[in-house]
Every structure is written in structure tokens, then in C-alpha cells.
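Note: hydrogens, waters and symmetry copies are ignored here, and every other heavy atom, side chains too, is used. Each chain gets a letter, A, B and so on, in the order its sequence line appears, and its residues count up from 1. Note that the structure is a prediction, hence the values are computed from the model and not measured.
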2 protein chains.
Amino acid sequence: MQSVDTIIEHAERHCKSHGARLTPKRKQVLSGLILSEKALSAYELIDFCKEKFGESIPAMSVYRILEFLEEERLVHKLNLANKYVACAHITCSHAHEVPQFLICNQCNKVEEINISKSTMDELKENIEQAGFHLVSPQLEMNCICHSCATRN
Amino acid sequence: MQSVDTIIEHAERHCKSHGARLTPKRKQVLSGLILSEKALSAYELIDFCKEKFGESIPAMSVYRILEFLEEERLVHKLNLANKYVACAHITCSHAHEVPQFLICNQCNKVEEINISKSTMDELKENIEQAGFHLVSPQLEMNCICHSCATRN
DNA sequence: GCTAAAATGATATGTTGTAACATATCGCCA
DNA sequence: TGGCGATATGTTACAACATATCATTTTAGC
């Protein structure tokens with residue numbers, strides 16, 4: 001696990017490279033999400049930041065900041081859970097395949113893995129046959145992680 | 001497209017076969033969802049039933065009824081959209097594969113198709129390798145349907 | 001018909017997210 | 001360097017989705 005500072009530094013360089021600004025608030029929100037090491041709802045993230053940094057950010061601001069971070073591909077929104085998670089690949093520079101998110105129902109830990117091209121091609125073929133076209137090529141699956149599964 | 005009555009009749013037989021009751025309210029909610037031919041939120045379903053049957057069902061009841069219908073596998077909840085849709089296979093009796101839902105972002109039309117076992121096995125293998133275990137083997141994908149795609 | 005269980009109703013509230021408008025901050029260039 | 005437009009953040013109100021809790025009605029079985 002890399003340090004938060006390293007990740008933030010990468011994120012800042014990434015933003016600067018095309019004229020976007022990773023302001024202090026935005027850094028704080030992103031740091032919170034990285035530190036939490038799991039998926040948080042916007043309101044959980046507010047509480048986490050309040051506790052961790054002692055500063056209360058209004059809900060509206062958090063939503064706006066999350067939107068910015070999503071556009072910068074530093075954060076992903078998990079629509080299944082209505083939660084947000086830091087991108088697992090902020091410090092890599094390579095282009096990514098279709099992301100697949102495994103969300104633990106119990107502890108909200110998230111694993112971000114990649115679907116192989118062949119599997120994705122099969123899915124896409126199914127979809128086109130049904131007369132639909134894929135818009136958001138992101139898969140989210142309800143799972144239980146190993147540690148939660150063995151704990152119970 | 002089969003008639004609603006036929007589908008409801010199947011649903012009723014299915015419930016009776018193991019002692020569950022498809023009450024008039026439950027029939028009404030299921031009928032509404034079938035008639036609408038698309039995914040509806042609980043509140044949209046309330047409005048639809050009010051308009052179609054002239055009877056207003058409280059939100060709480062609709063949620064309870066939807067929960068019952070889900071347990072009976074007559075209705076699916078689409079977590080991506082926070083909407084509910086009638087199962088496309090109420091009148092078939094065969095066991096079903098993993099359902100895959102294609103949701104049109106624009107008109108909320110839903111196509112329920114099946115993932116082939118081989119594709120699903122590939123996904124499951126990825127998941128187990130990441131130390132997670134699949135809980136809800138249902139895939140939901142954000143799509144756009146053919147008619148919405150050509151309309152614009 | 002009586003009773004326990006199941007279903008439904010009513011009310012309040014929790015949770016997620018956005019609209020609309022006000023204020024503050026930043027970056028540029030005259 | 002100071003003012004102006006653009007960007008970012010704050011504030012308030014509210015919409016949409018969902019559940020908790022307790023009251024009432026309906027049903028099935030004796």
C-alpha cells in the first residue's frame with residue numbers, strides 16, 4: 001500500500017497536466033476516501049473528514065467535489081451501493097480495461113479488478129443481440145469478502 | 001406478448017404452490033408493473049396504479065409488496081436505477097441462469113437476458129481470485145436501447 | 001365465531017441527491 | 001497591481017427513495 005501523500009501527489013500532477021485544480025478541499029475529500037480504504041456514501045465521507053480533519057464540509061460541496069474527482073477519474077461512483085471509492089490506479093499511468101468492482105456487502109471493502117477483453121466481448125455481443133448498446137462499461141457485483149465470510 | 005391475466009394466473013399458481021398468498025393488492029402492484037412494460041420506481045408505480053386502477057396505495061405498502069414479490073421471484077429490483085421490473089419469465093417453469101438486465105438510460109425499458117454459463121464462470125473465477133465471493137449473481141448494465149439511440 | 005398470524009394503513013423520519021442563489025477565491029491582463 | 005470574469009465553495013430548501021414503528025384490518029384454522 002502506497003502512502004496517501006504519494007497518491008495525492010500523483011493526482012495533483014495528473015490534474016495540473018491539463019489545467020485542472022486539485023484544491024485543498026478536493027485534496028481533503030480525496031484523502032479521506034483513500035484513507036478510509038473502502039466505499040463511503042457522500043454523507044459517510046463528510047463524517048469521516050469531520051472526524052479525521054476536524055473540518056465540516058457541506059453536503060453540496062462534497063457532491064460537487066466527488067463529481068469533479070469522477071471527471072478526473074480519481075474516484076468511481078458505485079451505483080449499486082450509492083457509494084464512492086478512490087480509484088485503485090491513481091499512481092499508474094497505463095490505460096485501463098473495463099473496471100469491475102467487487103463490493104463487500106458487509107464491510108464495504110471494494111476490490112477493483114479488470115474484466116478480460118474476451119469476457120467483455122461476450123457480454124457486448126449478448127447486449128447487441130438484444131438491441132441495446134452498452135453505455136457505461138463498468139460492472140459492479142454484490143459480493144462478500146473473504147474476511148467477512150470467515151468471521152461469521 | 002402474453003396477456004396480463006395469463007401472467008397473473010401463473011403468478012398466482014406459483015404462490016399457491018407453496019402457501020404464499022397473492023392478495024388483491026399484490027396482484028394490483030404486479031399488474032401495474034407488467035402493464036407499464038418498463039422499470040418503475042416505487043413512487044412511479046404508485047402513480048401508475050392510481051391512474052390505472054384509481055386506487056391509491058401507500059408507499060410503505062408498495063415497498064412491502066415489492067419485497068414479497070421479489071422473494072417470490074416475480075419482480076426484480078434494479079439496484080443501478082433504484083427501480084423495479086416484472087420478471088420476464090413468470091410464465092416459464094424452467095430454472096433460470098444468472099439474469100442480466102439491460103437498462104435503457106433514456107426510456108427505462110429493460111431487457112432481461114441470460115448470461116451464458118461459460119461467461120459467468122469466467123467472472124466467478126476472477127472474483128474468487130480476488131478473495132471475494134459472489135452474493136447476488138445478477139448483472140445490471142447501463143445501456144441505451146435501439147429506438148432511443150436512433151431517435152436522437 | 002375466536003384467536004393467532006399475516007397483511008395493510010398511517011405517520012414520522014432517515015438517506016441520498018439536487019436546485020437555486022449567494023459569497024469567496026483564483027488567474028489573468030490592462 | 002487592482003479589477004474583472006471564471007471557478008470554487010457556502011447556504012438553504014427541497015425532491016426522491018426507503019424504512020421504522022405502531023395501529024388496524026383481514027385471513028386461516030380450530
Side-chain angles (χ1 to χ4, degrees), chain A residues 11-12 15-33 38-50 53 55-72 74-85 103 105 108 140 142, chain B residues 11-12 15-33 36 38-50 53 55-72 74-85 103 105 108 140:
Chain A
E12 190 152 30
C15 287
K16 265 190 184 153
S17 74
H18 56 282
R21 283 185 289 163
L22 193 64
T23 65
K25 293 270 169 200
R26 288 169 175 172
K27 256 186 219 175
Q28 202 173 80
V29 168
L30 181 55
S31 300
L33 213 44
K38 59 178 185 175
L40 297 180
S41 77
Y43 285 83
E44 286 166 348
L45 183 50
I46 289 168
D47 293 344
F48 189 85
C49 285
K50 171 82 180 172
F53 309 121
E55 193 175 341
S56 192
I57 310 172
M60 190 70 250
S61 293
V62 167
Y63 278 105
R64 276 189 291 229
I65 288 170
L66 286 170
E67 189 184 10
F68 168 85
L69 295 171
E70 271 194 271
E71 278 163 10
E72 293 299 324
L74 298 169
V75 157
H76 300 286
K77 169 159 193 186
L78 302 176
N79 294 294
L80 269 195
N82 292 327
K83 289 182 193 301
Y84 302 82
V85 70
I103 309 167
N105 277 337
N108 285 318
E140 303 171 32
N142 274 320
Chain B
E12 191 153 27
C15 288
K16 265 190 185 155
S17 75
H18 56 283
R21 284 184 287 163
L22 194 65
T23 65
K25 294 270 169 200
R26 288 169 176 172
K27 256 185 220 176
Q28 202 174 80
V29 168
L30 181 55
S31 300
L33 212 45
S36 80
K38 59 178 184 175
L40 296 181
S41 78
Y43 284 83
E44 286 166 348
L45 184 50
I46 289 168
D47 293 345
F48 189 86
C49 285
K50 171 81 182 171
F53 309 120
E55 192 174 341
S56 191
I57 309 172
M60 191 68 250
S61 292
V62 167
Y63 277 106
R64 277 189 291 228
I65 288 169
L66 286 170
E67 190 184 8
F68 168 85
L69 295 172
E70 270 194 273
E71 279 162 10
E72 293 298 323
L74 298 170
V75 158
H76 300 284
K77 170 160 193 184
L78 301 176
N79 294 292
L80 271 195
N82 292 326
K83 289 181 193 301
Y84 303 82
V85 70
I103 309 167
N105 277 337
N108 284 318
E140 304 172 32

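- Take A:E44 and apply the salt bridge (Lys or Arg N to Asp or Glu O under 4.0 Å) test, not counting sequence neighbours, and it matches A:K83.
- If you take NZ of B:K83 and P of D:dA16, they are 11 Å apart, rounded to a whole angstrom.
- Every residue meeting the side chain to side chain contact (heavy atoms under 4.5 Å, CB included) condition with B:F53, not counting sequence neighbours, appears here in chain and number order: B:Q28, B:S31, B:L35, B:C49.
- The residue B:P58 sits close only to the backbone: its heavy atoms come under 4.0 Å of sugar-phosphate atoms, none of a base.
- Under a 3.5 Å cut-off, the side chain of B:R21 and the backbone N or O of B:C15 do not form any donor-acceptor pair.
- The distance between atom CD1 of B:I46 and atom P of C:dG9, rounded to the nearest whole Å, is 11 Å.
- Taking the salt bridge (Lys or Arg N to Asp or Glu O under 4.0 Å) definition, one finds that B:E55 meets it with B:K25, sequence neighbours left out.
- Taking every heavy atom of residues 22-29 of chain A and every atom of DNA chain D, pairs under 4.0 Å involve A:T23, A:K25, A:R26, by number.
- In this structure, B:L80 places its CG atom 15 Å from C1' of D:dC17, rounding to the nearest Å.
- The distance between atom CZ of A:F68 and atom C1' of D:dA8, rounded to the nearest whole Å, is 10 Å.
- Taking atom CG of A:D47 as the reference point, atom P of C:dG14 lies 14 Å away to the nearest angstrom.
- Listed by chain and residue number, B:V29, B:L33, B:A42, B:L45, B:V62, B:V75, B:Y84 satisfy the side chain to side chain contact (heavy atoms under 4.5 Å, CB included) test with B:L66 (two or more places apart in sequence, or in another chain).
- The interatomic distance linking A:L78 (CG) with C:dT16 (P) rounds to 13 Å, in whole Å.
- D:dC17 atom P lies 18 Å from atom CD of B:E67, rounded to whole Å.
- With sequence neighbours left out, B:D47 forms a side chain to side chain contact (heavy atoms under 4.5 Å, CB included) with no residue at all.
- In this structure, CD1 of B:I57 is placed 15 Å from C1' of C:dA10, rounded to the nearest angstrom.
- Judged as a side chain to side chain donor-acceptor pair (under 3.5 Å), and not counting sequence neighbours, the contacts of B:E72 are B:H14, B:H18.
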N/O contacts under 3.5 Å, protein versus nucleotides 18-27 of chain C?
unit_1 : atom_1 : unit_2 : atom_2 : d
C:dC26 : O3'    : A:R21  : NH1    : 3.0

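- Taking the side chain to side chain contact (heavy atoms under 4.5 Å, CB included) definition, one finds that A:K16 meets it with nothing, sequence neighbours left out.
- Within the structure, a side-chain polar atom (N or O) of A:N82 is placed less than 4.0 Å from OP1 or OP2 of C:dG17.
- The closest donor-acceptor contact from the side chain of A:E140 to the backbone of A:I103 lies at 3.5 Å or more, if one exists at all.
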